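As structure tokens, the structure follows; a few thoughts come after it.
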Amino acid sequence: MMQEALQEIQRGTAEIIDNERIEKLLKAYFEEGKTYTVKAGFDPTAPDLHLGHTVLLHKLATFQKYGARIQFLIGDFTAQIGDPTGKSETRKQLSPEQIQINAESYKTQVFKILDPEKTDVVFNASWLNDLGSVGMLELTTTFNVARMLERDDFEKRYKSQTPISISEFMYPLLQGYDSVALKSDIELGGTDQKFNLLMGRHLQRTYEVGKEQAVLMMPILEGLDGVQKMSKSLGNYIGVEDVPNDMFGKVLSVSDELMWRYFELLSAKTLKEIEAIKTGVTEGTLHPKKVKESLAHEITARFHGEEAAVAAQAEFDKVHAKSQIPTEMDIFELDGPIWIAKALQECNIEPSTSQARRDIKQGAVKIDQVKVSDEQLQLERGEYVLQVGKRKFARAKVK
RNA sequence: GGUGAGAUAGUCAAGUGGCCAACGACGGCAGACUGUAAAUCUGCUCCCUAUGGGUUCAGAGGUUCGACUCCUCUUCUCACCA
């Protein structure tokens, strides 16, 4: 039981620091029922979560299964500085009201994965504001510049003469101090957070908290292309707020290889269960597509409920497996008679009439499921279902 | 501050007076095959009712019958020196 818990916790992690401590905590839980705390920090800027972010949340949920209380920290104070990790854009200031709104939005998304009963949502301004200038100065004495510059992106920026603001040095210190204030046993973060996470250990020692947090880092989730990290700007993401049909379809569109990665990092299935599925696929008793469907189902159900997942799957079958038209699609009213290429453009399923013509030539355009061969075709009065390729549909009402 | 190199379509990157709407690669879209996979193969990939027309190669002028290609200025980027 204990071994299984440990394996589940280690599953998919990029790196664990102080694994022994985690073992001890688990042991104390299984033998004496002692709980422990796991901290994870989040930015209060607009919580536009995608599945990449949920990797961390899943890990937190796993911890909850094995006796952890989650300290879900919203970095309202530190947001004023801006984490220098990655981009060094100056941040816009968030009003307290906006932070409150974002925090609420976080909760609705996050509690689809986490157990609210075992989660404390905390704001670091509540103790960092009380630190005062004396406390702040004291904090700065615990670390030195040379070591600060060891941090990867500081080092790069220093070498390349890109400016580093002193306040940015405060960020890791304050994040580390959060662990002091919360007396966290474990902290979770992405691999890019390593330096900041380790700072927690350092400060807990310096402030004699009586323990040093273990650190567990999760890898970056690959996006739909399977190569680059999942991110909104790259357009290869599955948003937590995506509608069920999209979510289901997107999961199903990942490659088989990537599917296992998603299983590892996103599924609530146990390692044993996943292992069994893998065996089934290699032996040919399970069809990979069925397996992927079950994953898509699981993920869709998590964010939209069982019913929506079933509906999404049915809709998907209808459109793709049986190549019928979708139940719902955008409706456009057009003045007729209208040239087919123009109509496709007006319905937003083609970017230009030139592109529309090319697609007609290739046989990619269908009206009411019938292939269009005449690129001069005029649409008369009536209602049509226009289609380009396999997934772009529109309903056109020609007046 | 000095010197040199460069800026080409979504990205990278050829082209150094007409054969250029511009090689190629990646990406994207479509077709075949499939499991809406992946892999593979094929086609397309500035706009326009179009065997033609229009607008493009950082920006503005100029030379020329003709410029992405030559000249001038401007803006920006990079490298080396200080």
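Here is how names work: the chains are called A, B, and so on, in the same order as the sequence lines, proteins then strands, and each is numbered from 1. Here the structure is a predicted model, which is why all the values come from computation and not from measurement.
For the pair L286(A) CG and A37(B) P, the computed distance is 21 Å after rounding to whole Å. Taking atom NZ of residue K250(A) and atom P of nucleotide G35(B), one finds them 25 Å apart after rounding to whole Å. For the pair I360(A) CD1 and G31(B) C1', the computed distance is 15 Å after rounding to whole Å. Taking atom NZ of residue K361(A) and atom C1' of nucleotide A50(B), one finds them 9 Å apart after rounding to whole Å. The CH2 atom of W260(A) sits 17 Å away from the P atom of A38(B) (whole-angstrom rounding).
Counting non-hydrogen atoms under 4.0 angstrom, V319(A) reaches nothing in the nucleic acid. Residue contacts for G249(A): at a heavy-atom cut-off of 4.0 Å it reaches a base atom on one of the strands shown.
Taking only distance into account, the side chain of D256(A) meets the base of G35(B) through a donor-acceptor pair shorter than 3.5 Å.
Applying a 4.0 Å cut-off to non-hydrogen atoms, the residues of residues 290-313 of chain A that approach RNA chain B are K292(A), listed by residue number.
Formation of a donor-acceptor pair under 3.5 Å by the R69(A) side chain with backbone atoms of T35(A) is not found in this model. Remark: the backbone N or O of K229(A) is not paired with any side-chain donor or acceptor of Y237(A) at under 3.5 angstrom.
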Under 4.0 Å protein heavy-atom contact, by nucleotide of nucleotides 20-25 of chain B - B base, S sugar-phosphate only: ------

Protein-to-nucleotide contact annotation, 5' to 3' order, nucleotides 39-49 of chain B [B base; S sugar-phosphate only; - none; under 4.0 Å, heavy atom]: ----BSS-SBB

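Separating the C1' atom of U77(B) from that of C44(B) is a span of 34 Å, rounded to the nearest Å.
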